[in-house]
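Quick notes on the structure that follows.
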2 protein chains.
Amino acid sequence: MSKKVNIKTIAADLNVSPSTVSKALKDSHEISEETRKKIQAYAKYYNYKPNSLALSLRNQRTMTLGLIVPEIVHHFFSRVIYGVESVANEKDYNLMICLSKDNLEKEKQNIEMLTNGSVDGLLVSVAKETFEKGDFSHFEHLLEQGFPIVFFDRVPDNINTDKVVVDDVAGGYKATMHLIENGLKKIGILSTPPHVTVGNDRERGYRKALKENKINIEDSYTIHINEKEDISQQIAQLLKLPDRPKGLFAVNEKYAAIALQEAKKLDINIPEELSVIGFTDGYISKYTSPTLTTIAQHGYTMGAKAAEMLLNKLLNKTDNSLGQTYVISTNVVKREST
Amino acid sequence: MSKKVNIKTIAADLNVSPSTVSKALKDSHEISEETRKKIQAYAKYYNYKPNSLALSLRNQRTMTLGLIVPEIVHHFFSRVIYGVESVANEKDYNLMICLSKDNLEKEKQNIEMLTNGSVDGLLVSVAKETFEKGDFSHFEHLLEQGFPIVFFDRVPDNINTDKVVVDDVAGGYKATMHLIENGLKKIGILSTPPHVTVGNDRERGYRKALKENKINIEDSYTIHINEKEDISQQIAQLLKLPDRPKGLFAVNEKYAAIALQEAKKLDINIPEELSVIGFTDGYISKYTSPTLTTIAQHGYTMGAKAAEMLLNKLLNKTDNSLGQTYVISTNVVKREST
DNA sequence: TTTTATCCCGAAAACGTTTTCGTGTTGACA
DNA sequence: TGTCAACACGAAAACGTTTTCGGGATAAAA
C-alpha cells in the first residue's frame, strides 16, 4: 500500500521547500535544471497528482459543470447528457450529474449542493413539480447572485435567462403535416394533460396544421392521457370510435408504441388503415413492428448546445449575452408506421 | 447582485473572529447567546452556505462517490445509476458520473480525475476495450493504494476486489429452460462474439440447459452476431434455415427485438411458430408487438447493492471484507413472445 | 574591493473551513 | 484584597495548492 504523495511530502523528502516543488513541476525557469529533474523524477516515480480540491479552492474554479435532470431512465435525457459530456470534456470540464426525480424539494437540494463551490456553472431541466407549484425562487436567487446557469428542454417561462429548447409547436405542426401530406384528413392526437407544456405546445402545432388545411377539429379525436389510469384503454377507446381517425399523432414515443399495440389487438393494419407518428428520437421507435415514424428531438444537439452556451459564459467574461434562447428544430424521421 | 458571503466576511462585518462565527453557527456553548443569535441571524439573512470545497479539504473527505459507466444511453445502466443514486443520497453522498464510452484511454482519464481528491470511493463497470486489451494497470494501482472501489456488471476477472455481478450463466440457463419447459426442443441462440464475457456466459448457460435435457446442440442454431455488419440479415439467415428453430434465446434485448421484426417479415407467427426470449429489463421489451419475454437483470438492485458495499467500506473502517462478490440472481419475465 | 546583475530558492499569504489551545474579563469566594 | 473558576472569545495551525516577493550566493563589472 504505497502512500499518497503531495507537494509537501515531496518537499520534505527532497529537502526543498513546497514552493520549489510546485515551480519545478511546472518547469519554471526559476528552478535549476538539476533540482527540477530530481523533483520531476521523484514525482513521476511516486505518481504524484495534484489534489483537485486544493486546486479548486486556490483557483476559485472547479472545472466542473453541474447538470440537473428530472430523470435519467429516459432515452432523451441520456442523449442530452451525452451531448453535454462531449463538449464539456473537450474543454477539460467535468460533470456532476444530479437527479431531481421531478421533485421540487430534491431539485432545491441539488441546487444547494452544487452551488456551494462544487461547480462553476449549472445546466438544468426543471422538474415537473416545480412547474405545478410555480416555485422558481431557488433559481431566481441564483440568478440574482449572477451564478452562471443555462436551462434546457423544460425551461421556466417567465424568467429571463439563457435557455435552449426544441420548437415543440413546430414539431407538432410537422408531425401533423406529415400525415396530411400523406392524404389523411381524419387525424387524432394522443396528448398529455394541459399543464405539461411540451404536450400542450405539440398539440398547438397539431391544431395549427389542421386549421391551415381547413380540416375540422373533431373533439373526440383529442385524447388527454391520464397516466394515473390505464393508458392502453384510453388509447383503445379512440381506436374503437365508429368513425375512427386514419392518422394518429402521439406526443411522445410511449403513447405511440402503445397505440401500435392496441391497433394490433383490434386488427387494424398499420399503416394501411392507420398511420401513426410519434415524438422523440427514442429507443423504442426503431424496434417496434412496424417501426415508428417520429419527430426527432435531437437530444444530443440540445445537450451540446446548452453546454456550449454555459462554457461561453464561463470563459468569455463579457456577459453581454443575457437571456439568449436557442431553438433546436425538429424533423420527421420516416419509418414504417406512416 | 448580492455578494456571496463566507465566514470571513461575516466575521469582518460583525467585528468578531472567524472562529467565533464558525462556532456560533454550530451552536457551540462557547459562544454567548447574544453573539450566537446575532451571527445566525446574519448568516440566515445573507443565505450563508459553507463552501464544500473548503470543507472537503479540511475534513479530508468529499462526501461524493465516483461512478464510471461505459455508456449512459442504455436502459440498464440508467437503472444502475438510479439505484446508486438512491442509496448514496440516503447517506448524504453525492455522485460524480463519468462515461468511459467503452474506451480504455477515457477510462484511465476518468480514474485519474476522480481519484485526485474529488471522490471518496469509486464504482466502476469496465470498458469493453479494457477487456480486449487486458490492461487493468490503472485499477491495480488504485487497489495498491487502498483506494475504495467496487466493480459491477462488467468486472475484471483476475483482480481480487469487491464486485457485484449478475449470474449470467444461470440467466442463460433459465432462459433456455423456459423455452424447454414450453415443450420446445429446437432452440437457437443469438449471441455475441466470444470475447464479450456476458454473452459468452449466457451462451454457456444455454448449452448447459440443452445438455441437461439431452437435446443435441445444433451448431447452425448458434449465431455470433458481428455488430459491424448488418444485424438483421444475420438473424434472418437463422430464420431462413430449412429446419429452423422453434425457440430463440437472444442474449440481449436488441437482438431479440430485431428477431421479432425479421420474423414478421418472413411471416412467422410469434409465439405460435417461434418463441423468443431476450435478456435485460429494458425499455424496448414492453413496447414491441408482441411484447417480449425476457430475463430481468435488476439494474436498480445492482446499483443499490454496489453503492451499499462501497459505503460500507467507507463508513466501517474495519476493512475485513476484502474481495467480496455479490451475485444478483435473474428471473424470467413472461410476456407475449413465448 | 565594492557594486551590480543573475541565478536559485524559500517565506508567506491566500482560497474557506474547523478545532485546539490560549487568554482576558468577570464574578464569587476566602 | 487576592485567588480561582467560569465564561466568551481570538490566534493559529491545518487541509494542498500557487504565486508574489524578498533575499542569499555567486560571478561579473567598475
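Below, all heavy atoms of this structure are taken into account, side chains as well, without hydrogens, waters or symmetry copies. In what follows, chains carry the letters A, B, and so on, assigned in the order in which the sequence lines appear, proteins first and then strands, with residues in each chain numbered from 1.
For the residue pair A/Y48 / A/N6, no side-chain donor-acceptor distance below 3.5 Å is found, with atom types taken as modelled. In summary, the side chains of A/K101 and B/S86 do present a donor paired with an acceptor at a separation below 3.5 Å, with no hydrogens or angles considered.
When rounded to the nearest whole Å, the span between CD1 of A/I31 and P of C/dG10 equals 8 Å. As rounded to whole Å, 10 Å separates atom C1' of D/dC7 from atom NE2 of B/H29. Protein atom CD of B/E33 is 16 Å distant from nucleotide atom C1' of D/dC9, rounded to whole Å.
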Review item, nucleotides 15-17 of chain C N/O atoms under 3.5 Å of protein N/O:
from: C/dC15; atom 1: OP2; to: B/K8; atom 2: NZ; distance (Å): 3.0
from: C/dC15; atom 1: O3'; to: A/Q60; atom 2: OE1; distance (Å): 3.4
from: C/dC15; atom 1: O3'; to: A/Q60; atom 2: NE2; distance (Å): 3.3
from: C/dC15; atom 1: O2; to: A/R58; atom 2: N; distance (Å): 3.3
from: C/dG16; atom 1: OP1; to: A/Q60; atom 2: NE2; distance (Å): 3.3
from: C/dG16; atom 1: N2; to: B/A54; atom 2: O; distance (Å): 3.4
from: C/dT17; atom 1: OP1; to: B/Y48; atom 2: OH; distance (Å): 3.1
from: C/dT17; atom 1: OP1; to: B/N51; atom 2: N; distance (Å): 3.3
from: C/dT17; atom 1: OP2; to: B/I7; atom 2: N; distance (Å): 2.8
from: C/dT17; atom 1: O5'; to: B/Y48; atom 2: OH; distance (Å): 3.1

Identify all pairs in which a protein N or O lies below 3.5 Å from an N or O of nucleotides 20-22 of chain C, and state each distance.
from: C/dT20; atom 1: O4; to: B/K23; atom 2: NZ; distance (Å): 3.3

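Taking the side-chain contact (heavy atoms from CB on, under 4.5 Å) definition, one finds that A/N89 meets it with A/E85, B/K106, sequence neighbours left out. Applying the side chain to side chain donor-acceptor pair (under 3.5 Å) rule to B/S100 yields no partners; only residues at least two apart in sequence or on another chain are considered. Taking the side chain to side chain donor-acceptor pair (under 3.5 Å) definition, one finds that B/S78 meets it with nothing, sequence neighbours left out.
Taking 4.0 Å as the cut-off between side-chain N and carboxylate O, A/K163 and A/D153 do not count as a salt-bridged pair.
Annotation: salt bridge (charged side-chain N to carboxylate O under 4.0 Å, His left out) contacts involving residues 111-121 of chain B, sequence neighbours excluded, comprise A/K49-B/E112.
The side chain to side chain contact (heavy atoms under 4.5 Å, CB included) with B/Y93 is formed by just one residue from the set B/T64, B/L314, B/T62; it is B/L314.
OP1 and OP2 of D/dA8 both lie 4.0 Å or more from every side-chain N or O belonging to B/S32.
Across all strands shown, B/S56 has no heavy atoms under 4.0 Å from either base or sugar-phosphate atoms.
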